[in-house]
Amino acid sequence: EAQVTQNPRYLITVTGKKLTVTCSQNMNHEYMSWYRQDPGLGLRQIYYSMNVEVTDKGDVPEGYKVSRKEKRNFPLILESPSPNQTSLYFCASSPTGTSGGLNTQYFGPGTRLTVL
Amino acid sequence: AQSVTQPDIHITVSEGASLELRCNYSYGATPYLFWYVQSPGQGLQLLLKYFSGDTLVQGIKGFEAEFKRSQSSFNLRKPSVHWSDAAEYFCAVGPKTSYDKVIFGPGTSLSVIP
């Protein structure tokens with residue numbers, strides 16, 4: 001089944017304790033992205049990656065890191081989490097090609113993070 | 001500045017009634033346009049998308065949307081709402097010619113009264 005998976009789905013942690021949220025897609029998509037969703041703000045892009053070893057900042061990159069060593073994986077790293085990073089996080093990927101594939105994103109199920 | 005607005009934060013409709021969710025965008029050129037739905041506790045699912053051609057596009061679950069260039073709008077409609085349509089709906093825009101960031105609206109929460 002074609003899908004984007006995220007782990008963990010739920011995470012409660014404390015301020016300053018490094019954590020990683022994994023994202024993996026099995027559709028051979030080049031483009032991957034991380035968003036955070038907060039009430040009233042919709043989805044805001046954190047980082048995106050156009051291909052292996054190519055990453056770039058989105059709208060709200062502060063406090064986050066990413067890496068893209070393999071095409072299928074795009075982990076999100078919080079080196080020193082703070083309470084303002086409590087949010088719902090989504091990973092997404094996009095296929096290549098024409099006919100409307102560009103920017104049609106497939107989303108993971110989300111990771112709800114709470115930083116105490 | 002590029003932006004997407006969804007004027008209605010929350011809408012309540014009765015089951016069987018018609019539905020229209022509004023979306024307006026500000027963008028340098030005509031973008032790709034999308035509607036996504038997020039059911040409670042779920043990720044986002046693509047409902048429909050517009051790239052070119054016929055300005056009325058059909059999507060899944062009986063939804064349709066109409067692109068109006070003159071109004072920079074892409075409103076979502078459904079003729080008869082079902083209780084299972086209760087969810088959060090997001091309008092989004094993205095560029096046609098590159099992998100660039102997709103901009104999402106703030107969302108409209110839909111409640112359905114039996």
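The chains referred to below are lettered A, B, ... by the order of the sequence lines, with proteins before strands, and numbering in each begins at 1. Small disclaimer: the values here were computed from a predicted structure and weren't measured.
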**Asked** How about A/Arg44: does its CZ atom have over 12 heavy atoms from other parts shown lying under 6.0 Å from it?
**Response** yes

**Message:** Is B/Ile9 in contact with chain A via its backbone, its side chain, both, or neither, using a 4.5 Å heavy-atom distance?
**Reply:** neither

**Item:** Cluster overlap A/Phe90 with A/Leu78, hydrophobic side-chain contacts below 4.5 Å
**Value:** no

**Prompt:** What's the shortest heavy-atom distance between B/Pro106 and A/Gly40, and which atoms?
**Reply:** CB-O, 3.8 Å

**Item:** Heavy-atom donor-acceptor pair, B/Tyr36 side chain to A/Gln105 backbone, under 3.5 Å
**Value:** yes

**Message:** Please tell me whether A/Phe107 and A/Val66 are part of a single hydrophobic cluster in this structure, the criterion being side-chain heavy atoms less than 4.5 Å apart.
**Reply:** no

**Request:** Decide whether B/Val93 and B/Leu47 are clustered together by the hydrophobic rule: side chain heavy atoms of Ile, Leu, Val, Met, Phe, Trp, Tyr closer than 4.5 Å, transitively.
**Result:** yes

**Prompt:** Going from OH on A/Tyr106 to CG on B/Leu46, what distance comes out if it is rounded to the nearest 0.5 angstrom?
**Reply:** 7.0 Å

**Item:** Neighbour count >12 (heavy atoms, 6.0 Å) for atom CD1, A/Ile12
**Value:** no

**Asked** Would you say B/Val57 and B/Tyr25 are hydrophobically clustered, going by side-chain heavy atoms of ILVMFWY under 4.5 Å?
**Response** yes

**Asked** Given a strict heavy-atom distance threshold of 4.5 Å, which part of A/Leu41 is in contact with chain B: side chain, backbone, both, or neither?
**Response** backbone

**Message:** I'd like to verify something: which residue of B/Glu88, B/Gln45, B/Gln38 has the highest number of heavy-atom pairs under 4.5 Å with chain A?
**Reply:** B/Gln38

**Nearest heavy atoms of A/Gln37 and B/Phe90, plus distance in Å** = NE2-CZ, 3.1 Å

